[in-house]
Amino acid sequence: MGRAFVYVILGGGVAAGYAALEFTRRGVFHGELCIISDEPVPPYERPALSKGYLLPEAPARLPSFHTCVGASEERLTQKWYKEHGIELVLGTHIKSADVKRKTLLTAAGETISYKILIIATGARSLKLEEFGVTGSNAENVCYLRDLADADRLVNVMQSCAGGNAVVIGGGYVGMECAASLVINKINVTMVFPEAHCMARLFSPKIASYYEDYFNSKGVKFIKGTIMSYFDMDSNGKVTAVNLRDGSWLPVDMVVVGIGIRPNTSLFEGQLTLERGGIKVNGLMQTSNSSVYAIGDVAAFPVKLFGETRRLEHVDSARKSARHVVAAIMEPNKTDDFDYLPFFYSRVFTLCWQFYGDNAGEVVHFGDYSGSTIGAYWISKGHLVGSFLEGGSKEDFEAIAKATRLKLAIDDLTELERQGLGFALAV
Ligand code: FDA
Ligand code: NAD
């Protein structure tokens with residue numbers, strides 16, 4: 001016994017919400033579409049969890065940030081799904097999938113079948129245990145991926161006002177949580193193995209701009225080392241973080257942001273995987289023609305760079321979601337996904353955007369002791385990536401356009417001299 005749908009979206013995160021909106025725009029009949037999520041709430045804008053959700057004053061709370069408010073579209077509350085005849089199966093974990101039979105099995109033992117499946121299972125936080133460290137379960141050690149994690153982080157943070165936090169990891173979660181902790185009047189030390197923060201994206205010069213800013217807010221950086229073990233008290237609370245270099249830091253709380261792994265396990269051995277994700281073509285279709293994948297879990301061809309990539313950012317989740325629905329409902333009118341990678345972050349009063357690829361040589365511009373800084377990446381004589389902090393809407397649009405055009409660059413010194421003016425003149 002079980003339920004049957006024409007379309008099933010597995011996963012109820014950002015991509016699921018944007019796909020649902022697109023389905024209704026293109027005309028889906030009541031009862032045809034179902035979203036299954038192990039979270040207890042309808043899809044929401046996950047980026048809010050490390051920003052507005054952690055504010056000490058007037059923090060963002062649901063229902064204010066359900067999708068699709070992040071792109072200034074409709075806010076899809078539980079009522080909206082009901083009105084549109086979309087079945088929301090919440091608080092339900094899928095424990096196995098059979099793509100030959102076109103069925104999903106819930107943890108409670110129900111079989112849900114589909115004609116077309118869209119996999120939007122996102123990713124999970126990597127745990128310290130996967131690096132040989134124990135103690136992740138301690139009550140004052142926090143990760144941040146979903147609402148339950150965010151609620152836990154808020155509670156721990158509120159119990160540590162004026163105390164000390166160690167943030168493990170110098171990526172997105174690390175930087176955004178460090179800023180939020182400072183705003184909550186907690187003393188922060190960041191620990192990560194690389195030579196500078198945001199090592200996957202930033203050049204050393206860009207990183208040093210942000211590290212100086214964070215320093216000015218009281219954040220300390222311990223770089224080039226990793227933690228080796230926690231000291232615990234008799235209640236199982238972490239009291240200190242011991243580092244590989246032999247030093248130790250007393251703590252009231254720990255936040256861990258050491259990367260993610262896409263949730264592919266249900267489909268391993270059934271679908272082709274690449275770059276740690278589920279491989280799809282330009283229509284977001286997997287190696288099984290009835291199954292599609294979008295968002296963090298999908299490895300898709302980025303036409304602009306002639307390569308398959310897996311991106312872990314909200315804009316790609318939103319746009320791949322819209323694209324898959326077009327591809328499913330109007331396959332003959334839909335071209336291959338042609339996506340310009342776009343990442344951004346907001347911390348304190350800072351805000352940066354990045355477009356394209358950070359490959360090749362980097363040319364910095366702007367005033368690195370001021371408030372507007374930028375960089376271009378040049379590979380094989382073409383502009384392939386652009387970064388800007390502190391620009392206007394028009395400035396950001398200009399760097400996006402210049403990157404999308406992959407303009408030929410023959411004089412790096414001249415590009416540096418023109419700086420933002422180069423993109424604005426395109
Ligand atoms: P997403 O993770 O949103 O959703 C996956 C869903 O599938 C979840 O609801 C999960 O519970 C469910 N699921 C998984 N397996 C399941 C199973 N077996 N059964 C049932 N349900 C299952 N990006 C950016 O560009 N700018 C930003 O500022 C931020 N900020 C940010 C902050 C924080 C704290 C995080 C964690 C992430 C960001 N991101 C971001 C990244 C962005 O949020 C991310 O790229 C998107 O949420 C990806 O959307 P998906 O729908 O692919 O996965
Ligand atoms: P990340 O990949 O951005 O950073 C991981 C960091 O972990 C690295 O920078 C490194 O410093 C650190 N690290 C790796 N191994 C370590 C170890 N053994 N000990 C200590 N540090 C170690 O991942 P994240 O920061 O955990 O973010 C998780 C996901 O959330 C990513 O997909 C990210 O894109 C997404 N996210 C995005 C944004 C944004 O786009 N603004 C904001 C928050 C989260």
Side-chain angles (χ1 to χ4, degrees), residues 9-19 35-51 53-54 67 70 89-97 104-107 118-126 128 130-133 143-150 153 167-177 180 190-194 196-202 223 225-228 243-244 255-266 277 293-298 310-318 320-321 341-347 351-354:
I9 303 176
L10 173 54
V14 172
Y18 282 78
I35 296 177
I36 308 171
S37 176
D38 52 16
E39 292 194 73
V41 293
Y44 56 87
E45 302 285 354
R46 203 165 297 282
L49 298 183
S50 51
K51 306 175 189 72
Y53 207 84
L54 304 181
T67 57
V89 181
L90 301 178
T92 300
H93 183 71
I94 294 298
K95 66 170 189 186
S96 67
L104 304 170
L105 182 64
T106 72
I118 301 175
I119 304 170
T121 45
R124 64 173 179 84
S125 302
L126 270 172
L128 285 169
E130 290 165 79
F131 294 91
V133 174
Y143 290 82
L144 187 56
R145 181 72 202 177
D146 60 19
L147 207 59
D149 292 339
L153 176 54
V167 171
I168 297 175
Y172 289 93
V173 162
M175 295 298 279
E176 293 185 6
C177 286
S180 294
M190 294 187 69
V191 180
F192 49 84
E194 296 91 353
H196 62 75
C197 69
M198 295 289 295
R200 284 208 292 167
L201 182 65
F202 287 179
K223 303 185 267 187
T225 187
I226 55 174
M227 67 157 291
S228 48
L243 306 182
R244 181 78 51 92
V255 177
V256 186
I258 55 172
I260 59 169
R261 282 287 175 274
N263 290 318
T264 57
S265 61
L266 293 173
I294 52 177
D296 281 10
V297 79
R310 200 182 52 71
L311 301 177
E312 301 172 355
H313 295 273
V314 75
D315 182 66
S316 119
R318 292 171 182 157
S320 62
F342 164 49
F343 317 149
Y344 73 91
S345 182
R346 294 196 313 269
V347 282
C351 174
W352 60 258
Q353 295 191 9
F354 171 86

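Order of listing sets the numbers, starting from 1, for every ligand and every atom in it. For this chain, numbers begin at 1 and follow the sequence in order.
Not a single heavy atom of Ser345 sits less than 4.0 Å from an atom of ligand 1. At least one heavy atom of Lys51 sits under 4.0 Å from some atom of ligand 1. Within the structure, the closest approach of Tyr344 to ligand 1 falls below 4.0 Å when heavy atoms are considered. The shortest separation from a heavy atom of Pro193 to ligand 2 is under 4.0 Å, placing the residue in contact. Within the 4.0 Å heavy-atom cutoff, Val173 does not count among the residues contacting ligand 1. Residue Val297 places every heavy atom at 4.0 Å or more from ligand 1. Within the 4.0 Å heavy-atom shell around ligand 2 one does not find Phe343. In this structure, Thr92 is part of the shell of residues with a heavy atom less than 4.0 angstrom from ligand 1.
For the pair Arg46 (side chain) and Arg145 (backbone), a donor-acceptor distance under 3.5 Å is present. For Thr225 (side chain) and Lys223 (main-chain N/O), no donor-acceptor pair under 3.5 Å exists by modelled atom type. Judged purely by atom type and a 3.5 angstrom limit, Ser320 uses its side chain to pair as donor or acceptor with the backbone of Gly295. Side-chain N or O atoms of Arg310 include one that pairs as donor or acceptor with a backbone N or O of Asp296 at under 3.5 Å. A donor-acceptor pair is defined here as one N or O able to donate and one able to accept, closer than 3.5 Å; such a pair exists between the side chain of Asn263 and the backbone of Thr121. With hydrogens and angles disregarded, no donor-acceptor distance shorter than 3.5 Å links the side chain of Glu194 to the backbone of Ala199. The main-chain N or O of Ser50 is found under 3.5 Å from a side-chain atom of Ser180 such that the two form a donor-acceptor pair.
The distance criterion of under 3.5 Å between nitrogen or oxygen atoms is met by His313 with respect to ligand 1. Here's the thing with Ser50: none of its N/O atoms is less than 3.5 angstrom from an N/O atom of ligand 1. Note: no N/O pair closer than 3.5 Å links Ala317 and ligand 1 by distance alone. The shortest N/O to N/O separation between Gly11 and ligand 1 does not fall below 3.5 Å. Below 3.5 Å of separation, one finds an N or O of Val314 facing an N or O of ligand 1.
Interface atoms of ligand 2 facing Ser345, defined by a heavy-atom separation under 4.0 Å, are 41 (N). When each atom of ligand 1 is checked for a heavy atom of Leu144 under 4.0 Å away, the hits are 34 (C), 36 (C). Close contacts of ligand 2 with Phe192, meaning ligand atoms under 4.0 Å from a residue heavy atom, involve 11 (O).
Looking from atom 51 (O) of ligand 1 to the surrounding protein, the closest heavy atom is Ala15 N, 2.8 Å. Of all protein heavy atoms, the one lying nearest to atom 4 (O) of ligand 2 is Gly171 CA, 3.4 Å. Looking from atom 1 (P) of ligand 2 to the surrounding protein, the closest heavy atom is Arg200 NH2, 3.9 Å. The nearest protein atom to atom 12 (C) of ligand 2, hydrogens excluded, is given as Gly169 CA, 3.7 Å; this is a heavy-atom distance. The single protein non-hydrogen atom nearest to atom 16 (C) of ligand 2 is Ile258 CG2, 3.9 Å, given as residue, atom name and distance. Of the protein's non-hydrogen atoms, Ile226 CG2, 3.9 Å is the one closest to atom 17 (C) of ligand 2. Among protein heavy atoms, the minimum distance from atom 3 (O) of ligand 1 is reached at Arg46 NE, 2.7 Å. Gly257 O, 3.6 Å is the protein heavy atom nearest to atom 6 (C) of ligand 2. Protein heavy atom in closest approach to atom 44 (C) of ligand 2: Tyr172 CB, 3.6 Å. In terms of protein heavy atoms, atom 41 (C) of ligand 1 is closest to Glu312 O, 3.6 Å. At the top of the distance list for atom 34 (O) of ligand 2, counting protein heavy atoms only, stands Glu312 O, 2.9 Å. In this structure, atom 39 (N) of ligand 1 lies nearest to the protein heavy atom Pro47 CG, 4.2 Å.
By the 4.5 Å heavy-atom criterion applied to side chains, Leu153 and Val255 are counted as neighbours. Within the 4.5 Å cutoff, the side chain of Cys197 has heavy atoms near those of the Met175 side chain. At least one side-chain heavy atom of Ser37 sits under 4.5 Å from a side-chain heavy atom of Leu90. The closest side-chain heavy-atom distance from Ile258 to Glu130 is not below 4.5 Å.
Residue-level proximity to ligand 2 for Ile260 is carried by the side chain, the only part with a heavy atom below 4.0 angstrom. Of all the heavy atoms of Tyr344, the ones lying under 4.0 Å from any atom of ligand 2 belong exclusively to the backbone. With a heavy-atom cut-off of 4.0 Å, Glu194 touches ligand 2 through its side chain alone. Contacts between Met198 and ligand 2, counted as non-hydrogen atom pairs separated by less than 4.0 Å, are absent for every part of the residue. At a heavy-atom distance under 4.0 Å, only side-chain atoms of Asn263, from C-beta outward, approach ligand 1. At a heavy-atom cutoff of 4.0 Å, ligand 1 is contacted by the backbone of Ala120 but not by its side chain. Contacts between His313 and ligand 2 below 4.0 angstrom, taking non-hydrogen atoms only, involve the side chain exclusively.
Here the shortest heavy-atom distance to atom 6 (C) of ligand 1, taken over Ser320, Gly122, Gly12, belongs to Gly12. Among Pro47, Gly174, Gly259, the residue whose heavy atom sits closest to atom 24 (P) of ligand 2 is Gly259. Atom 22 (C) of ligand 1 has its nearest heavy-atom neighbour, among Thr106, Asp38, Val14, in Asp38. The closest non-hydrogen atom to atom 25 (O) of ligand 2, taken over Leu126, Val133, Val173, Ile168, comes from Val173. Closest heavy-atom approach to atom 15 (N) of ligand 1 among the candidates Leu266, Ile36, Leu153, Thr121: Thr121.
Under the side-chain contact (heavy atoms from CB on, under 4.5 Å) rule, Val256 has a single partner from Val173, Val167, Leu128, which is Leu128.
Between the OH atom in Tyr172 and the SG atom in Cys177 there is a gap of 14.5 Å [rounded to 0.5 Å]. The OG1 atom of Thr106 lies 11.5 Å from the CG atom of Asp38; values are rounded to the nearest 0.5 Å. Within the model, atoms CD1 of Ile9 and CD1 of Ile294 stand 6.0 Å from one another, a figure rounded to the nearest 0.5 Å.
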List the steps and the verdict of side chain to side chain contact (heavy atoms under 4.5 Å, CB included) for Leu49 and Leu147.
-> CA-CA 7 Å; Leu49 298 183; Leu147 207 59; 3.8 Å; yes

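Every side chain to side chain donor-acceptor pair (under 3.5 Å) that Arg200 has, sequence neighbours left out, goes to Glu312. The side chain to side chain donor-acceptor pair (under 3.5 Å) search around Tyr53 returns Asp151, not counting sequence neighbours.
Classification of the His313-Phe343 ring pair by plane angle, with boundaries at 30° and 60°, yields parallel.
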